[in-house]
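FYI, side chains are in, hydrogens and waters are out, and symmetry mates aren't considered; it's all heavy atoms of this structure. Just so we're clear, the structure is a prediction, and the values are computed from it rather than from any experiment.
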Amino acid sequence: MSVRRLAEKQPASFAFTPENLSWAKARIEKYPEGRQQSAVIPILWRAQEQCGGWLPQKAIEATADLLGMARIRVLEVATFYTMFNLAPVGRFHVQLCGTTPCMLRGSEELKKVCRRMIGEENHVTADGTFSWIEVECLGACVNAPMVQINADYYEDLTPETFTRIINDLSAGRKPKPGPQIDRINSAPIGGPKTLTDPELFTVNGKPAPRGAQSQADDKAKKPGEPANLRDAPLPKSPEADATDPRRK
């Protein structure tokens, strides 16, 4: 990772808004006594949001003072994690994934769109609307190529659809996030590809009895359930011995 430095031009001061200060104190209270410094990342993130998407030096120092940390320690966190921007960014900050799956699916062409419509990497347009940067994997490999713009993912992109998205944002329109093709989330393109053979739903070569499939669905593990929920009953609580104060 290349060296990350603070921007040369810095605001003279920073103070958390009353709302953000209250939010930060609530985060700090979630940690045990002596562990309040663990809140450094969410508080830096909140400071970055307050500053319009980047972290000035004074915001880093204010976070350190709030947490009772040495300022250099908070600076180390801010410069290590690339989620923190150390220089001003556009109102719409484009993070373009350039890792292998996206590269194989056309991210180089998306970079050309960024250079043509926004400028060079880390450049903010004259009106302050756009900036862009190439980042590592954003975790949407099956929907490659993709970008993250502020908090939204735009996936399954082509140069044409990406151009349309930038034009929409520039014109004040809200483009639909997610896949830009006929795909549901990360499902296969064109619909289901497995478990479509009718033979799977027969009994002794005959169609399954009416309702058999729904009964099987009722017994199936539901999304979000632990895999072993139906495999074994929960263990009984251990019986207390004579030394357990709860027996008195």
Side-chain angles (χ1 to χ4, degrees), residues 1-99 118 120-125 127-141 146-154 169 177 224 226 237-238 243-246:
M1 184 174 67
S2 60
V3 176
R4 286 163 41 82
R5 303 184 186 282
L6 298 174
E8 291 186 8
K9 294 183 178 180
Q10 294 281 335
S13 62
F14 170 87
F16 285 103
T17 64
E19 178 187 9
N20 284 340
L21 182 60
S22 176
W23 182 93
K25 289 180 177 178
R27 300 286 84 71
I28 294 171
E29 290 176 357
K30 290 186 175 183
Y31 294 92
E33 185 64 32
R35 299 292 182 180
Q36 288 81 4
Q37 295 179 359
S38 299
V40 62
I41 288 180
I43 294 176
L44 281 175
W45 186 256
R46 194 74 165 196
Q48 176 166 278
E49 290 181 342
Q50 180 177 320
C51 294
W54 74 291
L55 268 179
Q57 180 177 343
K58 291 299 182 181
I60 294 172
E61 293 174 356
T63 301
D65 295 343
L66 180 63
L67 292 170
M69 295 176 65
R71 292 178 174 180
I72 186 61
R73 296 303 181 200
V74 182
L75 179 64
E76 289 171 346
V77 174
T79 55
F80 179 81
Y81 291 103
T82 55
M83 61 189 275
F84 297 121
N85 301 309
L86 304 181
V89 297
R91 189 160 52 92
F92 298 108
H93 184 52
V94 179
Q95 298 180 72
L96 188 153
C97 179
T99 311
I118 300 174
E120 290 303 315
E121 193 172 357
N122 294 311
H123 165 78
V124 181
T125 55
D127 60 1
T129 302
F130 290 102
S131 60
W132 77 279
I133 187 173
E134 180 180 349
V135 298
E136 293 300 318
C137 182
L138 290 168
C141 305
M146 57 81 62
V147 303
Q148 179 179 345
I149 304 179
N150 294 353
D152 291 320
Y153 275 19
Y154 296 89
L169 292 171
S237 301
T243 61
D244 192 330
R246 292 172 296 180

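Scanning for side-chain hydrogen bond (donor to acceptor under 3.5 Å, both in side chains) contacts around N150 gives an empty result, with sequence neighbours left out. Listed by chain and residue number, R115 satisfy the salt bridge (charged side-chain N to carboxylate O under 4.0 Å, His left out) test with E120 (two or more places apart in sequence, or in another chain). Shown here are the side-chain hydrogen bond (donor to acceptor under 3.5 Å, both in side chains) partners of E134, two or more places apart in sequence or in another chain: K111. Residues satisfying the side-chain hydrogen bond (donor to acceptor under 3.5 Å, both in side chains) test with T129, not counting sequence neighbours, are D127. Not a single side chain to side chain contact (heavy atoms under 4.5 Å, CB included) links A15 to another residue, sequence neighbours left out. Qualifying salt bridge (charged side-chain N to carboxylate O under 4.0 Å, His left out) partners for R73, counting only residues two or more places apart in sequence or in other chains: E76. By the side chain to side chain contact (heavy atoms under 4.5 Å, CB included) test, K25 pairs with L21, sequence neighbours left out. Residues passing the side chain to side chain contact (heavy atoms under 4.5 Å, CB included) test with Q48 are W45, L55, F84, N85, sequence neighbours excluded. With sequence neighbours left out, the side chain to side chain contact (heavy atoms under 4.5 Å, CB included) criterion links Q10 to L6, A7, W54, P56, Q57. When the side-chain hydrogen bond (donor to acceptor under 3.5 Å, both in side chains) test is applied to R27, no partner is found at least two apart in sequence or on another chain.
Taken to the nearest 0.5 Å, the CD atom of Q50 stands 4.5 Å off from the CG atom of N20. The distance from atom OG of S131 to atom CD of E121, rounded to the nearest 0.5 Å, is 10.5 Å. For the atom pair CD (Q95) and CH2 (W132), the distance works out to 12.0 Å, reported to the nearest 0.5 Å.
In this structure the side chain of V74 never reaches within 4.5 angstrom of the side chain of E61, judged on heavy atoms. I133 has its side chain out of reach of T82: every pair of non-hydrogen atoms, C-beta onward, lies at least 4.5 Å apart. Under the 4.5 Å side-chain criterion, counting only non-hydrogen atoms from C-beta, Y154 is not in contact with M146.
Here the closest heavy-atom approach between residue L67 and residue Q36 is recorded as CD2-O, 3.4 Å. Heavy atoms only, all atoms of each residue included: L75 and I60 are closest at N-CG2, 3.8 Å. Minimum heavy-atom separation, I28 to L66: CD1-CG, 4.1 Å. Residues V124 and P88 approach most closely at CG2-O, 3.5 Å, considering heavy atoms. F92 and I149 make their closest contact through CB-CG2, 4.0 Å (heavy atoms, listed as atom of the first residue, atom of the second, distance). The shortest heavy-atom contact between P177 and D152 is CB-CB, 4.0 Å.
Between the side chain of Y81 and the backbone N or O of I41 there is no donor-acceptor pair closer than 3.5 Å. At least one donor-acceptor pair under 3.5 Å links the side chain of T63 to the backbone N or O of A59. Remark: the backbone N or O of C137 is paired with a side-chain donor or acceptor of T99 at under 3.5 angstrom.
For residues 16-40, the pairs satisfying ring-ring contact (aromatic ring centres under 6.0 Å, His included) are F14-F16, with sequence neighbours left out.
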